[in-house]
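Report on the following structure.
Chain A is the first sequence line, chain B the second, and so forth, proteins listed ahead of strands; every chain is numbered from 1. This one's a predicted model, so the numbers in the text were calculated from it and none came from an experiment.
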There are 2 protein chains.
Amino acid sequence: MAADASDPARPPLPASPHAAGAHRGGRRHAGRPTMKDVAAQAGVGLKTVSRVVNGEAGVSQDTEQRVQEAITSLGFRRNDSARVLRKGTTASIGLVLEDLADPFYSPLSRAVEEVARAHGALLINGSSAEDPEREQELALALCARRVDGLVIVPASDDHRYLAPEIAAGVATVFVDRPPGRIAADLVLSDNFEGAREGVAHLVAHGHRRIGYIGDRPGIHTAEERLRGYRAAMAEAGLPVAESWVAPGRTDADRVRSDAVRMLEGGRGGEPVTAFFSGNNRVTVTLVRVLAAPERRERPVALVGFDDFELADLLSPPVTVVAQDPADLGRSAAELLFRRLDGADDEPRTVSRPTTLIVRGSGEIPPSG
Amino acid sequence: MAADASDPARPPLPASPHAAGAHRGGRRHAGRPTMKDVAAQAGVGLKTVSRVVNGEAGVSQDTEQRVQEAITSLGFRRNDSARVLRKGTTASIGLVLEDLADPFYSPLSRAVEEVARAHGALLINGSSAEDPEREQELALALCARRVDGLVIVPASDDHRYLAPEIAAGVATVFVDRPPGRIAADLVLSDNFEGAREGVAHLVAHGHRRIGYIGDRPGIHTAEERLRGYRAAMAEAGLPVAESWVAPGRTDADRVRSDAVRMLEGGRGGEPVTAFFSGNNRVTVTLVRVLAAPERRERPVALVGFDDFELADLLSPPVTVVAQDPADLGRSAAELLFRRLDGADDEPRTVSRPTTLIVRGSGEIPPSG
DNA sequence: CCGTGATCTGACAACGTTGTCCAGACCTGC
DNA sequence: GCAGGTCTGGACAACGTTGTCAGATCACGG
C-alpha cells in the first residue's frame with residue numbers, strides 16, 4: 001500500500017492525488033476516459049474512435065458524428081504517451097541551455113520554439129545553470145522521454161555520454177559552444193573575429209592599453225574572445241600586460257574589483273584607457289563602474305561583446321559586438337529538423353558573423 | 001506505405017528517419033535497446049532489470065552488477081513513455097505564457113522550472129504570443145502529453161475548455177492574469193494598488209496632468225492598472241481628460257505617437273507634465289521619446305509599471321512600480337505542487353504586493 | 001439474383017514498462 | 001534433517017494507443 005511513498009530512494013513526483021482514493025475497482029476511477037470508453041459510449045469499435053481522432057479516412061459521416069459527440073460529452077483527450085509508445089516518435093524536441101532567464105538565451109530559446117512549432121513539435125527546455133552534471137542529467141532525462149532531437153548549449157566539455165543516444169537516433173545540435181569529445185552539428189558565432197574587430201576598433205581610436213574582462217577560461221566562447229583580443233593587440237604591435245587580462249567569474253563583485261584594479265594600474269601594469277568586455281553581464285557591470293561620479297572626469301572607452309537592450313540609451317551609448325541569439329537558435333533548430341527529415345551527411349559547423357554596432361562608448365579617445 | 005506522409009491533414013513530425021529503412025524484421029532494428037534486450041544480455045528476467053533500473057530492493061549484488069554492465073554495454077535508457085503509460089504520472093508540468101523571451105516572463109519561467117526541479121519534475125513550456133487560440137492549442141497539447149499540472153499566463157478570457165482536464169485531475173494554476181469563466185488557483189500582483197501608488201507619487205510631486213499609456217483593455221493587468229490610475233487621480237480630486245488615457249497595443253509606433261500627442265496637448269486636452277506607463281515595453285519607448293534632444297529643455301516625469309534592467313543607469317534613472325516575476329512564478333509553482341500533493345480545498349487567489357522604486361524620473365517637478 | 005468491388009468497421013497484436021504473484025534457493029534454529 | 005522464514009528471480013497482465021488484416025455491408029452492373 002504505502003510501499004511507493006515509503007521508498008526514500010525514488011525521487012519523482014508524489015503519488016498522483018487520486019491514486020489513493022479509488023483503487024481501480026468498484027466505481028470506475030474518475031480520471032481520464034479512454035478511446036475504449038468513447039467507443040462504448042458511441043456504440044462503435046475502438047479503432048473507429050482512433051480513426052476519428054486522427055482524422056483518418058474511411059469513417060461515415062454518421063459514425064463520425066456519433067463519435068465526436070461521445071468525445072466531447074466525455075471530455076476525452078488522446079493520451080499521447082500511449083501514442084508515443086506505439087509510434088516511436090514524440091513530436092517534441094529538447095533544449096538544454098545555461099539559463100532560460102538570461103536575456104541572451106531567452107530569444108534563442110524562443111527562436112527554437114518557433115521553428116519547432118512550424119514543424120508541429122513541442123519544445124521541452126531546461127536550464128543547466130552552467131553545471132556539467134546538471135546538463136547531463138537534463139539531457140538524459142529528455143532522451144528518456146524520447147524527444148526526437150536535442151539542442152544543447154554545452155555547460156560541460158565532455159559529451160560522450162550522448163553517444164548511445166545519438167547512435168539510437170536522437171538528432172543532436174550544439175549551439176553557442178562546441179561539443180566535447182564527440183562529433184555533432186554545431187552553430188557558433190564567430191567569437192574570435194568579433195572580438196578581434198571590437199578590440200581593433202578601440203585601437204583605431206588611439207587606445208594602446210586595453211583591459212579585457214571576460215568569462216572563465218574553459219568556456220569556449222570566452223577563450224575565443226580572449227584569443228581575438230590578443231590577436232588584435234598583436235596585429236597592432238601592442239604589448240599586453242598580464243594585469244590587463246582578467247578572465248573569471250562574471251559576478252558583479254569580481255568584475256568590479258578587477259576593473260578598478262586595472263583603472264588604477266595596480267600590479268605593475270599601467271592603467272588602462274579602454275575596456276573590452278567579454279559578455280553581456282560583464283559589460284553591464286563595467287557600465288556601472290564607469291558611470292560612478294568619480295570616474296566621469298576621465299572617461300574610459302568600452303566595447304562589449306553581446307548587444308543588450310537600452311545600450312543605446314545609456315550615456316554614453318555603448319558600442320558593442322552584437323551576436324543575434326535568435327538567429328543562432330533558428331539555425332540550430334533548422335539544422336536539427338534537417339536531420340530529423342533524414343539528412344545523414346557529416347556533422348557540419350555553421351558560423352554566424354557578428355556585427356560591430358558603433359554607439360559612442362567605443363569611440364572615446366584615450367585620456368591621460 | 002506513403003499513406004502517412006501523403007495525408008495533408010496530419011500535422012506532426014515527418015516519419016522518423018529510421019522508420020523507412022529496417023522494417024522491423026530481418027536484422028533487429030538498430031534503435032533503442034529495451035529492458036528485454038538487457039535481460040537477455042545479462043541472462044536474467046525482465047523484471048529484474050526493471051528492479052535494477054529503479055533501484056528497487058531485492059536484487060543481489062552480483063546480479064545487479066551483471067545487469068548494470070549489460071545496460072552500459074547496450075546503451076540502454078528507460079523509455080519514459082512506457083513508464084508514464086503504466087504509472088499514469090509524468091513528473092512533468094506545463095507552462096504556457098505569452099513570450100518566453102520577454103524579460104518579464106523569462107524569470108517567471110525560470111522560477112517555475114526551479115520549483116519543478118526541486119520536485120523532480122521537468123518543465124515543458126510554450127509561448128502563446130498573446131493569441132487565445134494558440135494558448136488553447138498549447139494547453140491542450142500539454143494535457144494530451146499528460147503533464148501532471150499546468151501553469152498558465154492567460155492570453156484568452158475563456159478557459160472553459162480546460163474544465164474536462166481539471167476534472168480529470170490536471171492541477172492548474174493561473175498567474176499574472178485571472179482565468180476566464182472557470183475557478184482555479186491564481187497568483188497576481190496587486191496591479192491596482194501598485195498603479196495607484198505610482199500615480200499618487202507623481203501627484204505628490206505636483207503633477208496635475210498625467211498621461212496614462214498602457215496595454216489593451218481586455219488584458220486584466222492593463223485594466224487594473226488603468227483603474228489604479230483613475231483612482232489615484234480621483235483621490236487627488238484631479239480631472240482626467242480622455243485624451244490623456246491611451247490604452248492599446250504596445251508597439252513602439254503606437255506608443256510614440258500617443259505620447260507625442262499628449263505632450264503637445266492635441267485633441268483638446270492640455271499637455272501632460274508626466275506619464276504613468278502601463279508596462280515594461282511602453283516605459284522603454286517613453287524613455288526613448290523623452291530622451292530626444294528637443295524634449296530635454298522641458299523635462300517630463302515618468303513612472304513605469306514593471307522594473308527593468310539598467311533602469312537605474314538611464315538619465316534620469318527611471319522610477320518604477322516593480323513586480324517580482326520570479327516570485328510570481330515561484331508562488332504559482334508552489335501552489336501547483338501543493339495541489340499535486342493532494343490539497344483539495346477551494347481555489348485560492350494569492351496577491352503579491354508591488355514595490356515603488358524611487359530613482360529620479362518620477363520626482364521631476366512639473367514644468368510649464 | 002448474384003458477383004464484384006468499394007466502403008466501412010472491428011478484433012487483435014504489438015509498443016516497453018511496472019505491479020502482482022508465485023516459485024525456487026537459501027538460510028536459521030530446533 | 002526439517003519446518004518456517006527470507007531472499008531472489010521470473011511469468012504474466014495490464015496501461016491506451018495504432019497498424020494489420022479480415023469481416024460486414026452496400027451499390028451496382030450483368
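- B/M35 has its CE atom 8 Å from the C1' atom of C/dG16, to the nearest Å.
- C/dC15 atom C1' lies 15 Å from atom CG of A/D80, rounded to whole Å.
- One donor-acceptor pair, N or O on each side, does fall under 3.5 Å between the base of D/dG19 and the side chain of A/K47.
- If you measure from atom CD of B/E56 to atom C1' of D/dG10, you get 14 Å, rounded to the nearest angstrom.
- Residues A/V44 and A/V67 meet the side-chain proximity criterion, which asks for heavy atoms closer than 4.5 Å.
- In this structure, B/D37 atom CG and C/dC15 atom C1' are separated by 13 Å, rounded to whole Å.
- Set against D/dT18, D/dT17, D/dC15, the side chain of A/A82 has D/dT17 as its closest nucleotide.
- Using modelled atom types and a 3.5 Å distance limit, the side chains of A/R78 and A/N54 yield a donor-acceptor pair.
- Rounded to whole angstrom, the span from the CG atom of B/L46 across to the C1' atom of C/dC15 amounts to 13 Å.
- Regarding contacts with the backbone of C/dC15, every side-chain N or O of B/N79 stays at 4.0 angstrom or more from both OP1 and OP2.
- Using modelled atom types and a 3.5 Å distance limit, the side chains of B/H159 and B/Q136 yield no donor-acceptor pair.
- Ring geometry for B/F337 against B/H119 counts as parallel: the plane angle stays under 30°, on a 0 to 90° scale with 60° as the upper cut.
- A/Q65 and A/Q61 are not linked by any side-chain donor-acceptor pair at a separation below 3.5 angstrom, with hydrogens and angles left out of the test.
- The side chain of A/T34 lies closest to D/dT17, out of D/dT17, C/dT18, C/dG16.
- Closest to the side chain of A/R86, out of C/dA14, C/dG19, C/dG16, is C/dA14.
- For the residue pair A/S127 / A/E98, no side-chain donor-acceptor distance below 3.5 Å is found, with atom types taken as modelled.
- Taking atom NZ of B/K36 as the reference point, atom P of C/dT18 lies 16 Å away to the nearest angstrom.
- Under the side chain to side chain contact (heavy atoms under 4.5 Å, CB included) test applied with A/R330, the options A/V112, A/L108, A/V115 reduce to a single match, A/V115.
- What separates CG of A/L85 from P of C/dT18 is a distance of 12 Å, to the nearest Å.
- Of the candidates C/dT17, D/dT18, D/dT17, D/dT18 carries the atom nearest the A/S50 side chain, counting heavy atoms from C-beta on.
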I'd like a table of atom pairs between the protein and nucleotides 7-9 of chain C - only N or O on both sides, under 3.5 Å - with the distance next to each one.
unit_1: C/dT9; atom_1: OP1; unit_2: A/S60; atom_2: OG; d: 3.2
unit_1: C/dT9; atom_1: OP1; unit_2: A/T63; atom_2: OG1; d: 2.2
unit_1: C/dT9; atom_1: OP2; unit_2: A/S60; atom_2: N; d: 2.9

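- Distance B/K87 NZ to C/dC15 P: 22 Å, rounded to the nearest Å.
- With a 4.5 Å cut-off on side-chain heavy atoms, A/V170 and A/D148 do not count as touching.
- Contact of the A/E130 side chain with the A/E135 side chain is not registered, since no non-hydrogen atoms from C-beta on lie closer than 4.5 Å.
- The residue from A/L162, A/L138, A/L95 that alone fulfils the side chain to side chain contact (heavy atoms under 4.5 Å, CB included) condition with A/L150 is A/L162.
- Between B/G43 and B/R146, the residue anchored closer to the 5' end of DNA chain D is B/G43, taking for each the nucleotide with the nearest heavy atom.
- At its two ends the helix from C/dC1-D/dG30 to C/dC30-D/dG1 runs along axes set 50° apart, each axis drawn from five pairs and the angle rounded to 10°.
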